[in-house]
Trainee: 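So that we are looking at the same thing, I have put the structure below in structure tokens.
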2 protein chains.
Amino acid sequence: MTTAERPSLLLVEDDAALGPLISELLEPDFSVRLAVNGRDGLHLGLTQSWDAMVIDRGLPVMDGLALIKALRSKGIATPILILTALGATDEKVRGLDAGANDYMSKPFDAMELAARLRALTRTYAPPPATLGIGDWELDAGARSMRSVYGSVVTLTAKEAGLLETLASEPERVFTREDLINALFHPTDQPGVIDTYVHHLRRKISKTVIRTVHGLGYQIGNPHD
Amino acid sequence: MTTAERPSLLLVEDDAALGPLISELLEPDFSVRLAVNGRDGLHLGLTQSWDAMVIDRGLPVMDGLALIKALRSKGIATPILILTALGATDEKVRGLDAGANDYMSKPFDAMELAARLRALTRTYAPPPATLGIGDWELDAGARSMRSVYGSVVTLTAKEAGLLETLASEPERVFTREDLINALFHPTDQPGVIDTYVHHLRRKISKTVIRTVHGLGYQIGNPHD
DNA sequence: CGAGGCATTTAAGAAGCTCTTAAGAACTCC
DNA sequence: GGAGTTCTTAAGAGCTTCTTAAATGCCTCG
């Protein structure tokens, strides 16, 4: 949820009547995109960034549970709500343990669905949305960095996004592929990342982003 | 959830029978602390760090909804599940919009409650799997070694692969042939291994890898 | 509506790091 | 002491990353 707009929602539902209906019910609160099978859902889930997903349990081509596991295994942490006709407790347990964040069984109440999605997409700690990186602090909202000594550098959207992604998981090594999937079109060539890393190093400091040769880039505590 | 222990759970429930019962049901999966009214719940919620909270809707001294709002207003972002006798949709909506992350109405199923709490406390960026080797720890993902005293050494792909293979089966003696088949082209000459063993010994310590004369190399507890 | 400026993307040579080979020195075991 | 094994060092080939520059696209302001 990077802007003040409605949160984006990916709805994966094969029922030709129910899909558009749910979509319409949620449109006041969410910007809904409908996928009618698991394969399309997986593609959209992997290639675009969503604030939440609603996934039907029983889907053609690729089952809802398999879809969730596939998304989670690719590192997609987006909140997911499963919607299903199966209301038995062990079905709920299976769904939640597969990686879903919430579970509702049909027939469901539209108001409750919307409230649960609001809860899933809600973000806490709005005021201090800054990320500390070494001697610097990233203000993602204002797309700027402030050093502890007061100087301020403004970043472009891509620069800020790249830095924010890297800083979101310190110590983790992101491959160029990871970063392209998170920030660019998957068709872009990996070299784009190198260029932006270079821009950031020039703007901020040579040492904010560490290169891990053959793997990718990383932010973390300076060592050795 | 900072450790590998059970997640910590704050349960705020005034019912003298239900509180201990829920507590007992969840103990296998969570480390549960019980508070019997809203005031105690607020104090514990503010002064300690919890992986999740389960809060009863109707509480003496301080209502459950008021408690949640108070916690949220103080910047506490811990996942909260409301447990209540009120199952009407607008009650659920009120609870969720007050800042709760999930809502279950009594009578509830213990298995489902546990599954929902697992979903709430699940983290998607688990700390990287590390392998202990003597005083060192190998982070294969980042291809680096960190000593117990904090220093960090980065390894190349071959170095990390060799070390990981050796460490995967402590005490086992790997022949050069074993290692070449696992890490290099089978046509490579066995001397490659010697070179990398040397690199690792220089980077980390002379004693991480033990030579077994005439056989190969080994990692294991230092004996004699 | 067009010009200018800024952000983004592509491309290509330069620089740097890793891998691999090789050869002599040092060591081990008999 | 000698044969075989292991250690150490060095250097070139090959690959990855850095850096620069220019092309493209987008938005704004005149």
Side-chain angles (χ1 to χ4, degrees), chain A residues 2-3 47 49 140 142-145 153-166 173-219 223-224, chain B residues 140 142-145 152-166 173-219 224:
Chain A
T2 51
T3 69
T47 55
S49 160
R143 292 203 324 230
S144 65
M145 303 263 327
V153 164
T154 60
L155 305 176
T156 70
K158 297 285 178 178
E159 289 166 356
L162 176 58
L163 192 54
E164 192 180 1
T165 301
L166 287 169
V173 179
F174 290 81
T175 65
R176 290 176 177 72
E177 207 176 304
D178 290 338
L179 296 167
I180 282 186
N181 285 332
L183 300 166
F184 297 77
H185 298 287
T187 54
D188 287 350
Q189 58 180 28
V192 189
I193 303 297
D194 300 48
T195 303
Y196 280 103
V197 167
H198 177 59
H199 291 164
L200 284 170
R201 298 216 257 231
R202 190 180 37 182
K203 278 192 176 178
I204 302 166
S205 108
K206 283 278 183 191
T207 55
V208 258
I209 299 172
R210 188 166 34 248
T211 302
V212 181
H213 195 104
L215 283 182
Y217 297 98
Q218 177 193 35
I219 278 185
H223 48 64
D224 45 347
Chain B
R143 289 198 327 221
S144 66
M145 303 265 323
V152 174
V153 162
T154 59
L155 305 176
T156 70
K158 296 286 177 179
E159 290 165 356
L162 176 57
L163 191 54
E164 194 179 2
T165 301
L166 288 168
V173 179
F174 290 81
T175 66
R176 289 177 178 72
E177 207 176 303
D178 290 339
L179 296 167
I180 282 185
N181 285 332
L183 300 165
F184 297 77
H185 298 288
T187 55
D188 287 348
Q189 57 182 28
V192 190
I193 303 298
D194 300 47
T195 302
Y196 282 104
V197 167
H198 176 238
H199 291 165
L200 284 169
R201 285 176 173 157
R202 188 179 35 175
K203 278 191 176 178
I204 302 166
S205 106
K206 283 279 183 190
T207 54
V208 259
I209 298 172
R210 188 166 36 248
T211 302
V212 181
H213 195 100
L215 282 181
Y217 297 98
Q218 176 194 35
I219 278 185
D224 59 320

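Numbered from 1 within each chain, the chains take letters A, B, ... in sequence-line order. Bear in mind the structure is a predicted one, so any value in this text is a computation, not a measurement.
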Trainee: Can you tell which of dT18(C), dC7(D), dC18(D) lies closest to the side chain of Tyr217(B)?
Mentor: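 For the Tyr217(B) side chain, the nearest candidate turns out to be dC7(D).
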
Trainee: Closest to the Thr211(A) side chain: dC7(D), dT17(D), dT20(D)?
Mentor: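 The answer is dT17(D).
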
Trainee: Could you check how far CG of Leu200(B) sits from P of dT6(D), rounded to whole Å?
Mentor: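 Result: 17 Å.
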
Trainee: Between dT28(C), dA10(D), dC18(D), spot the one nearest the side chain of His213(B), thanks.
Mentor: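 Out of dT28(C), dA10(D), dC18(D), the nucleotide with an atom closest to His213(B)'s side chain is dT28(C).
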
Trainee: Give a yes or no answer on whether the side chain of Thr211(A) reaches the backbone of His213(A) with a donor-acceptor pair at less than 3.5 Å.
Mentor: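 It does not hold such a pair.
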
Trainee: Choose from dT8(C), dT18(C), dT20(C) the nucleotide whose nearest atom is closest to any side-chain atom of Tyr196(B).
Mentor: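 For the Tyr196(B) side chain, the nearest candidate turns out to be dT20(C).
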
Trainee: Return the angle between end axes of the helix from dC1(C)-dG30(D) to dC30(C)-dG1(D), with five pairs used per end and rounding to 10°.
Mentor: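 For the helix from dC1(C)-dG30(D) to dC30(C)-dG1(D), the axes at either end differ by 30°.
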
Trainee: Counting side-chain heavy atoms from C-beta on, which of dC7(D), dT17(D), dT21(C) comes nearest to Thr195(B)?
Mentor: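 Among dC7(D), dT17(D), dT21(C), the one nearest the side chain of Thr195(B) is dT21(C).
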
Trainee: In whole Å, what is the span from the NZ atom of Lys158(A) to the P atom of dT24(D)?
Mentor: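 Result: 19 Å.
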
Trainee: Considering all heavy atoms of both residues, which atom of Arg176(A) and which atom of Gly216(A) are nearest to each other, and what is their separation?
Mentor: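 Reported closest heavy-atom pair: NH1-CA, 4.2 Å.
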
Trainee: Can you figure out which of dT6(D), dC19(C), dT17(D) approaches the side chain of Ala157(B) most closely?
Mentor: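 Comparing dT6(D), dC19(C), dT17(D) against the side chain of Ala157(B), the answer is dC19(C).
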
Trainee: To the nearest Å, how far apart are His199(A) NE2 and dC6(C) P?
Mentor: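 Those two atoms, NE2 and P, are 14 Å apart.
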
Trainee: Using a 4.5 Å cut-off on heavy atoms from C-beta on, say whether the side chain of Leu163(A) contacts that of Met145(A).
Mentor: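 A side-chain contact exists here, since the closest heavy-atom pair is under 4.5 Å.
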
Trainee: For Lys203(A) and Thr154(A), indicate whether the former's side chain and the latter's backbone hold a donor-acceptor pair under 3.5 Å.
Mentor: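 Checked: pair present.
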
Trainee: What does Arg201(A) touch in the nucleic acid at a heavy-atom separation under 4.0 angstrom: a base, only the sugar-phosphate, or nothing?
Mentor: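 Sugar-phosphate, no base atom in range.
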
Trainee: Taking C-beta and beyond as the side chain, do Leu179(B) and Leu166(B) meet within less than 4.5 Å on heavy atoms?
Mentor: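 Yes; the side chains approach each other to less than 4.5 Å.
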
Trainee: With the side chain of Val192(B) defined as its heavy atoms from C-beta on, choose the nearest nucleotide among dT21(C), dT19(D), dA7(C).
Mentor: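 Given the options dT21(C), dT19(D), dA7(C), the side chain of Val192(B) is closest to dT21(C).
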
Trainee: Nearest-Å distance, CZ (Arg210(A)) to P (dC17(C))?
Mentor: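 Taking atom P of dC17(C) as the reference, CZ of Arg210(A) is at 15 Å.
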
Trainee: Calculate the interatomic distance between Gln189(B) atom CD and dT6(D) atom C1'; express it in whole Å.
Mentor: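 For the pair Gln189(B) CD and dT6(D) C1', the rounded distance is 14 Å.
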
Trainee: Begin from the C-alpha positions of Val212(B) and Tyr217(B) and carry the test side-chain contact (heavy atoms from CB on, under 4.5 Å) through to its verdict.
Mentor: CA-CA 6 Å; Val212(B) 181; Tyr217(B) 297 98; over 6 Å; no

Trainee: Testing Ile209(B), Leu162(B), Thr165(B) one by one against Phe174(B) for a side chain to side chain contact (heavy atoms under 4.5 Å, CB included), which residue passes?
Mentor: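 Considering Ile209(B), Leu162(B), Thr165(B), a side chain to side chain contact (heavy atoms under 4.5 Å, CB included) with Phe174(B) is found only for Thr165(B).
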
